[in-house]
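Note that the structure is a prediction, hence the values are computed from the model and not measured. Residue numbers begin at 1 in each chain, while the letters A, B, ... track the order of the sequences.
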There are 2 protein chains.
Amino acid sequence: MYDVAERSGVSIATVSRVYRTPDSVRAQTRERVLEAARQLGYVPSGNARGLASRTTGVLGLCFPDYSDPDTENEAAATDEDDDHAFMLYSDQIIRGMERAARRHGYALLIAASLKGGPESLVANVAGRVDGFAVLAGTVPTADLEVISRRLPVVMVAGRRGIDHLDHIVVANTDGQRTVTRHLIEDHGLRRLAFIGGEAASPDAEARFAGFQQACREAGLPMPDAPTMRATMMTQAEGFRVAEALLDRGGERPQAMLFANDQMAVGGLHALERRGLGVPEDIAVTGFDGIPLGRLVRPTLTTVRQPMRRLGEEAVELLVQRLADRDRDPVSLMLPVSLARRASCGCG
Amino acid sequence: MYDVAERSGVSIATVSRVYRTPDSVRAQTRERVLEAARQLGYVPSGNARGLASRTTGVLGLCFPDYSDPDTENEAAATDEDDDHAFMLYSDQIIRGMERAARRHGYALLIAASLKGGPESLVANVAGRVDGFAVLAGTVPTADLEVISRRLPVVMVAGRRGIDHLDHIVVANTDGQRTVTRHLIEDHGLRRLAFIGGEAASPDAEARFAGFQQACREAGLPMPDAPTMRATMMTQAEGFRVAEALLDRGGERPQAMLFANDQMAVGGLHALERRGLGVPEDIAVTGFDGIPLGRLVRPTLTTVRQPMRRLGEEAVELLVQRLADRDRDPVSLMLPVSLARRASCGCG
DNA sequence: ATCTAGGGTGAATGCGCTTTCAGAAGAGGG
DNA sequence: CCCTCTTCTGAAAGCGCATTCACCCTAGAT
């Protein structure tokens, strides 16, 4: 910048003005400066600008590493390997955030949490953005508490954790209740098994609560805990848990309700392997509405959540809070919708 | 940071060391500092750090706005609206880059080009990263020329443009030649129509070149230009162009080869609307291998490109150049593979 | 008891830019 | 021709951190 100033015979203040407030500089001067910048290959330093102006024009997103290790390592260019090319939860949120961020003139900084201590992740992201969104379970609450005192943070999904944060979730309980009632009322099923996640997963627990509600409302026995719990909510886990469920004896359930689609797809595979027909022998449902659910056979009945909108709304919340730091914390709940497909007996 | 230093009774230099080189500080001192930081809610400024250390730990990606405006505005929660939830070209590249970046300890800054002058985009991204990837056609060559003198840039797809850039493409020509030969040799088709993009699109032109080669090799008349040209390579354009092609009279082609999948899907819709059977009446092929291609009926025969790997390799190139600025420019060509599905008569 | 290494710490400088606050240069008005 | 009012431009003070360099202290060597 100093070079540009010198070469065009002005001060660095003027060079700065040329980029920040072009109209405040006489056209002729501006041209001289731009020409010099071009010749010198000048690229303004975003860091310096950020430092001086205390604002970066960047929003951040931290998400956990959702990748399904099994699908991840499949090699070869068969159609199979397209599967993991389908969007996961985080991908859609990224997309939504990117879109909304762009609309507001922000760029998006994304970082998945690395196993090696969230220290670096948080430091790298938090220090570089004007505000950011965190997918539940990515950043330890303690860290978040510290950071959220300095800049806007919106918690996406999960539990808010810190009550001065903005928060945005989908209607997990409501959605699971709806799909459960559908199985009970429309398909007449009564022996239902719910495959949950870890007790620490607020979303999975909220879904289970919906399952409980539906059972109670239908006069079915209301379980205290999920029939089975998966530890990872991946396909492999879904497969494993479904098999375990079948193996444990007793009367076979008429339906398996999985806490998310990835597990449900794994469950579908397990049932196929056991020679059980879906939905004739047993119905299956998921939750999320990932695209893969429409590709598997039978197609997967699920609860579709507006993942992209989740990302968009997250950005909106950030932008709003950036405009008014003192407004009350907002908590948004986005509606979900039932996707009736083949795996429950519809379609 | 000054506050933290004061509160813990050390100098700012020591605070800095606690975060950058923890081992160089006595454990007891370190704890005092960290505790003070915690109490004060200290978040290190990435900007300041970047300024002082002249490195950001962030890689960037600039991509054009690929969104398909038509699918974009479809409302309602029908299954239809899942379609645009499928990954596009850019999404997969983002995914690949994110993964690879994380492996190398970088975060990823993404920004789609906004219509309002690339000025801001480039300024926002280029000044904040250690290096970045550009999808062809996103940033004007002139700007790129300037920027690439200051930091590593890798051009993804398209034409390299500036010869000192690293560059990475897929085997467009080769892939289109393969799929064309497949139609000619395996399905015995001879009247082929190629729907290209704008003459300014290097990828589309490279694919057309492959089409030409295959025609020549098979002894078919070799066209000088694509049978039709689309202006946008979106579904809507594919639909429009396919109809135009049918309407222009003359003998109907036995196959339509689209320069990408999105157009091909649009073409499929047009043919269905006209009551033409695919592949009986006319075969259709695309290029890219987007997931949507497996969902449409008939499933779309296409050339699958390793989009995620494209992103991964881009990061590798950046990392390598960051390590050795003076090495010769690299130009990589990634192989593609033929996906034979129903729309050509296979599967 | 004196000397020598080191490890640990602080003072000071600069990274490249934004942003007041004044001052200089024109433009009209009296 | 002088004075006030606009425009434009420059000087200078940071923004929050990394990093040299010098310094001090302590432990082991002599």
Side-chain angles (χ1 to χ4, degrees), chain A residues 1-34 36-37 40-58 120 122-130 146-147 149-151, chain B residues 1-34 36-37 40-58 119-120 122-130 146-147 150-151:
Chain A
M1 181 156 168
Y2 286 84
D3 299 340
V4 174
E6 186 173 358
R7 184 171 191 122
S8 50
V10 300
S11 75
I12 60 164
T14 300
V15 177
S16 174
R17 275 188 277 263
V18 166
Y19 285 91
R20 302 258 61 72
T21 53
D23 292 336
S24 74
V25 174
R26 205 193 321 167
Q28 177 192 337
T29 312
R30 196 191 318 146
E31 271 317 309
R32 270 218 319 282
V33 170
L34 287 176
L40 265 45
Y42 168 67
V43 178
S45 154
N47 285 323
R49 165 153 48 222
L51 222 207
S53 65
R54 269 167 296 283
T55 159
T56 65
V58 178
S120 51
V122 163
N124 258 328
V125 173
R128 287 180 196 295
V129 299
D130 289 340
V146 169
I147 295 172
R149 301 209 310 255
R150 298 311 241 224
L151 48 79
Chain B
M1 180 154 170
Y2 287 85
D3 299 339
V4 173
E6 187 172 358
R7 183 171 192 120
S8 50
V10 300
S11 74
I12 61 162
T14 299
V15 177
S16 173
R17 275 189 277 261
V18 167
Y19 286 90
R20 303 257 57 73
T21 53
D23 292 336
S24 74
V25 176
R26 205 193 322 164
Q28 177 192 338
T29 313
R30 196 191 316 147
E31 271 318 309
R32 271 219 318 282
V33 171
L34 287 176
L40 266 44
Y42 168 66
V43 178
S45 155
N47 285 323
R49 167 151 48 221
L51 224 207
S53 66
R54 268 167 294 286
T55 157
T56 66
V58 178
E119 189 71 30
S120 51
V122 163
N124 257 327
V125 174
R128 286 180 196 296
V129 299
D130 290 339
V146 170
I147 294 171
R150 298 312 241 222
L151 48 80

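No donor-acceptor pair under 3.5 Å is formed between the side chain of A:R17 and the backbone N or O of A:S24.
Nearest heavy atoms, B:A126 versus A:V43: CB-CG1, 3.9 Å. For the residue pair B:V33 and B:S8, the shortest heavy atom distance occurs at CG2-OG, 3.8 Å. In plain terms, the two heavy atoms of A:G9 and A:R32 that are nearest each other are O-NH2, 4.2 Å.
The distance between atom OH of B:Y19 and atom P of D:dC17, rounded to the nearest whole Å, is 9 Å. Computed from coordinates, the A:E31 CD to D:dC8 C1' distance equals 17 Å when rounded to whole Å. We find that CD of A:Q28 is positioned 12 Å from P of D:dC8, with the value rounded to whole Å. The distance from atom OH of B:Y42 to atom P of D:dC15 is 14 Å, rounded to the nearest whole Å.
Listed candidates were D:dG10, D:dC17, D:dA18. Nearest to the side chain of A:R17 is D:dG10.
Distance check: A:R7 CZ to A:Y42 OH gives 15.0 Å after rounding to the nearest 0.5 Å. Taken from CD in B:E6 to OG in B:S11, the straight-line distance is 12.5 Å, to the nearest 0.5 Å. Distance CZ/A:R26 to OG1/A:T14: 10.0 Å, rounded to 0.5 Å. Here CG of B:L34 is found 10.5 Å from OG1 of B:T29. Values are rounded to the nearest 0.5 Å. Considering CD1 of B:I12 and CG of B:D3, their distance stands at 11.5 Å, rounded to 0.5 Å. To the nearest 0.5 angstrom, A:L40 atom CG is 7.0 Å from B:R150 atom CZ.
With DNA chain D read from its 5' end, the first of the two nearest nucleotides for A:T29 and B:M1 is the one closest to A:T29. Along DNA chain C, the nucleotide nearest to B:R26 and the one nearest to A:R54 differ in position, and the one closer to the 5' end is contacted by B:R26.
In the 5' to 3' direction, nucleotides of DNA chain C lying under 4.0 Å from heavy atoms of chain B begin and end at C:dG8 to C:dG16.
Heavy-atom distances under 4.0 Å link DNA chain D to B:I12, B:A13, B:S16 of residues 9-16 of chain B, given in residue order.
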CA sep, side-chain torsions, deciding dist, call: B:N47, B:R128, side chain to side chain contact (heavy atoms under 4.5 Å, CB included): CA-CA 9 Å; B:N47 285 323; B:R128 286 180 196 296; 3.8 Å; yes
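Axis angle, first five pairs versus last five pairs of the helix from C:dA1-D:dT30 to C:dG30-D:dC1: 40°, rounded to 10°.
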